[in-house]
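Contents: one structure, followed by commentary.
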Amino acid sequence: MKILVCISHVPDTTSKINFVDDDRAFDKNGVQFIINPNDEFGLTRAVWFQQKEQAEVTVITVGEASCEPTLRKCLAIGANRAFRINLNPTDGFQVAQQLSAHCKEENYDLIIAGRESIDYNGAMVPGMLSAHMGYNFVTNCIGLEIEGSTAKAKREIDGGIESISCELPLVIGAQKGLVEEKDLIIPNMRGIMQARQKSLTVLPPVDSQIKSTISKFEKPAPRGAVKMVDSDQIDQLIDLLHNEAKVI
Amino acid sequence: MGILIYAESENGKFKKCALELASYGRAIANQLGVELIAASFNHSEYQTLGTYGVERVIQISDPKLEKFTAERYAANLASVVKENGVKLVLLSSSANAKYLAPLLAVSISAGYASNVVGLPESMDPLSIKRSCFTNKAFNTCVLDNELNIISLSNNSFGLKEEPKEIISETKSDVSSETNFVLEKVERASGQITIADAEIVVSGGRGLKGPENWHLIEDLASTLGAATACSKPVSDMGWRPHSEHVGQTGKPVASNLYIAIGVSGAIQHLAGINSSKVKLVINIDPEAPFFKAADYGVVGDAFEVVPELIEKLKAFKNS
Ligand SMILES: Cc1cc2nc3c(=O)[nH]c(=O)nc-3n(C[C@H](O)[C@H](O)[C@H](O)COP(=O)(O)OP(=O)(O)OC[C@H]3O[C@@H](n4cnc5c(N)ncnc54)[C@H](O)[C@@H]3O)c2cc1C
Ligand SMILES: Nc1ncnc2c1ncn2[C@@H]1O[C@H](COP(=O)(O)O)[C@@H](O)[C@H]1O
């Protein structure tokens, strides 16, 4: 089985978000970048298939050279090889086109992406990629087993869980629950050393379209001060919620 | 030119997000002077959509569409778009709508923006504000295309009645056979989901253990609220993963968010930021959550919450 994991290189969850260039660009200054958490759940599941069922795991990112440490980390976690499509993408539409051009050459059985990235939060790329490829698609994926050419997947829906059976090839949008938190792999020294020997190939971008641009960023308006209510004044609290905030 | 909303229903009733979408669509349709159309699946009681400004509903009925599948629903919506000269498609932020949106976008070659939080800033080119960095920021997104799709963040526009005469037409299923089989749908019955809730009551590690969750559940049922939790609480198995809210869990955009025994870590706040009013109950006056709250009570959850439940019950009965 050939598995591709699409990796988005995103600011660490503790990052303070600031903008530069007249609020037109994200300020990368002092920001640590990580593997998008949803992608990490997916990568962990892929490495499980590699260890248990001899799958080959490839990771790919569409991004500039500054994304390479993130790809190396994926290799240290256990991926067999990495690709970087050399383009600083403008939108998810473009990312999906770049990825699909690569996938058409490689014929992966399973393509794993994150349900959404924690920076752009587009929730676009995996679905668009599946549509370009004509593959089955399951997002919000919280369980995945493969038997021969059949996938059994679980999807979280609003207020429940769906169980799905479909044929490979398949694209999934991974999220928390696909693997347990404790199964996430922290690279060890051996993994890090091995990662240096593994192949990381830079591919030129293909022609692609964009469908959206970002004209500016802004931060949420500063909030008013908190109103503290004494713990023996619960009646007053209820009154505030009812009459002032009008939420109960 | 027209605007299409995908009107989702559940158990024979339109979901609140469908009515919110109709209200939002009506506001844009008024601005542009165009028709507001709704597409619905296997649902015939369409008059409520008219109350919120829809003029025409296209009902697509087929036993194969009884359960939601993204591919089939997207194929039908694509066909409605093409047959009706639709230029703008509006979707909610439900799990199902966000599932089909990218499929629809590719099939009709449309631009797509998710997590949209308000009316367009301009119509030509279409320019809208959306949240990004998991609610830590917003960006203005410009969609300069013939056809575009917007998915509106739930609860960001609200319900606005503007009654219209509504006409209904039917359309048959155009989706093709697939090997995609929906084997089972398990729903927690009678529970309010985080996505649909107006009030969410959330518990953190300060509640000490799963045996104390009756406090959260009782408060939630008193308020008609959904229950949620912090990440460690779901990691430790005190609560199901589906209740985990925050940057790596579910986003919450309720009217009221009540956090009990939650410290207010940056990743937790990121996910619940777009809730309108936040009430924090924490024993530690220095808990970071108070800085992000609208109302705060310093106190022991095991004392404050039972009293709050009791007084709320009295308040509701009065
Ligand atoms: C990559 C990454 C992603 C993450 N994503 C998320 C996420 O999506 N969502 C999330 O929630 N967290 C997330 N976290 C974890 C986050 O950093 C915090 O560790 C977590 O939110 C803390 O949970 P808590 O508030 O329940 O527990 P604690 O931080 O332990 O806080 C417990 C609180 O309870 C209070 N308390 C104790 N006893 C009482 C009492 N009797 N009455 C009232 N209050 C009491 C304490 O004062 C304290 O403030 C993430 C972390 C990382 C590294
Ligand atoms: N530049 C990129 N390169 C590779 N994969 C990406 C990229 N951007 C997004 N993805 C994948 O698509 C998922 C969803 O991203 P998004 O559509 O931006 O929310 C991510 O979790 C990644 O798996």
Next item on the list: Take atom NZ of A/K104 as the centre, draw a 6.0 Å sphere, and report whether it contains more than 12 heavy atoms from other residues, nucleotides or ligands.
Entry: yes
Notebook entry, point to check: Pick from B/E10, B/K316, B/E307: which one has the most heavy-atom pairs with chain A under 4.5 Å?
Noted result: B/E307
Note to self: Need one label for B/N135: side chain, backbone, both or neither, based on atoms under 4.5 Å from any heavy atom in chain A.
What the structure shows: backbone
Margin query: Testing the 3.5 Å rule here: is there a donor-acceptor pair between the side chains of A/T13 and B/Q267?
Written below: yes
Item checked: Taking every non-hydrogen atom, the tightest pair across A/L237 and B/L308 -> CD2-CD1, 4.0 Å
Notebook entry, point to check: Top residue by heavy-atom pair count (under 4.5 Å) with chain A, among B/A293, B/G111, B/A270?
Noted result: B/A293
Notebook entry, point to check: When you measure from the side chain of B/N115 to the backbone N and O of A/N121, does any donor-acceptor pair fall under 3.5 Å?
Noted result: yes
Checklist line | Nearest non-hydrogen partners of B/G296 and A/V226, listed with the distance | finding: N-CG2, 3.8 Å
Margin query: For A/R223 and B/D294: C-alpha separation, side-chain torsions, deciding distance, then whether salt bridge (Lys or Arg N to Asp or Glu O under 4.0 Å) applies.
Written below: CA-CA 8 Å; A/R223 46 181 317 106; B/D294 300 279; 2.8 Å; yes
Margin query: Does this structure show an ion pair linking B/K67 with A/E162, if we count only N-O contacts that are shorter than 4.0 Å?
Written below: no
Next item on the list: Search all heavy atoms of A/S231 against all heavy atoms of B/V304 and return the closest pair with its distance.
Entry: CB-CG2, 4.0 Å
Next item on the list: Check whether B/N145 gets within reach of chain A through its side chain, its backbone, both or neither, counting any heavy atom under 4.5 Å.
Entry: side chain
Notebook entry, point to check: So which heavy atom on A/Y120 is nearest to which on B/C141, and how close?
Noted result: OH-SG, 4.2 Å
Item checked: When A/G127, A/S117, A/G160, A/S165 are compared by non-hydrogen pairs under 4.5 Å with chain B, the top option -> A/S165
Notebook entry, point to check: Based on non-hydrogen pairs under 4.5 Å, which of A/S212, A/S163, A/A225, A/A131 is most in contact with chain B?
Noted result: A/S163
Notebook entry, point to check: Where does B/F315 contact chain A at under 4.5 Å (heavy atoms): side chain, backbone, both or neither?
Noted result: side chain
Next item on the list: Please name the pair of heavy atoms, one in A/G159 and one in B/T193, separated by the smallest distance, quoted to 0.1 Å.
Entry: CA-CG2, 3.2 Å
Check: Is a donor on one side and an acceptor on the other found under 3.5 Å between the side chain of A/K211 and the backbone of B/S109?
Finding: yes
Check: CG of A/N243: more than 12 outside heavy atoms within 6.0 angstrom?
Finding: yes
Next item on the list: Could you tell me which portion of B/V277 (side chain, backbone, both or neither) has an atom closer than 4.5 angstrom to a non-hydrogen atom of chain A?
Entry: side chain
Check: When rounded to the nearest 0.5 angstrom, what distance separates CG in B/L103 from NE2 in A/H132?
Finding: 10.5 Å
Notebook entry, point to check: What part of B/L312 is in contact with chain A, defined as an atom under 4.5 angstrom from a non-hydrogen atom: side chain, backbone, both or neither?
Noted result: both
Note to self: Looking at A/D207, I'd like to know if its CG atom is crowded, meaning that more than 12 non-hydrogen atoms belonging to other residues, nucleotides or ligands lie closer than 6.0 Å.
What the structure shows: no
Checklist line | Any residue of residues 137-151 of chain A which, by heavy atoms, sits under 4.5 Å from chain B | finding: A/F137, A/V138, A/T139, A/N140
Note to self: If I measure from the heavy atoms of chain A, does B/I194 come under 4.5 Å with its side chain, its backbone, both, or neither?
What the structure shows: neither
Notebook entry, point to check: Between B/N139 and A/I214, is there a donor-acceptor pair closer than 3.5 Å when you use the side chain of the first and the backbone of the second?
Noted result: no
Next item on the list: Quickly, which of A/D232, A/D239, A/D235 forms a salt bridge (charged side-chain N to carboxylate O under 4.0 Å, His left out) with B/K311? Name it, please.
Entry: A/D235
Notebook entry, point to check: What option among B/H241, B/K250, B/R187, B/Q247 has the most heavy-atom pairs under 4.5 Å with chain A?
Noted result: B/Q247
Next item on the list: Determine the minimum heavy-atom distance between A/S15 and B/I266, stating which atoms define it.
Entry: O-CD1, 4.0 Å
Notebook entry, point to check: Considering only heavy atoms from C-beta outward, does the side chain of B/E71 approach that of A/N136 to under 4.5 Å?
Noted result: yes
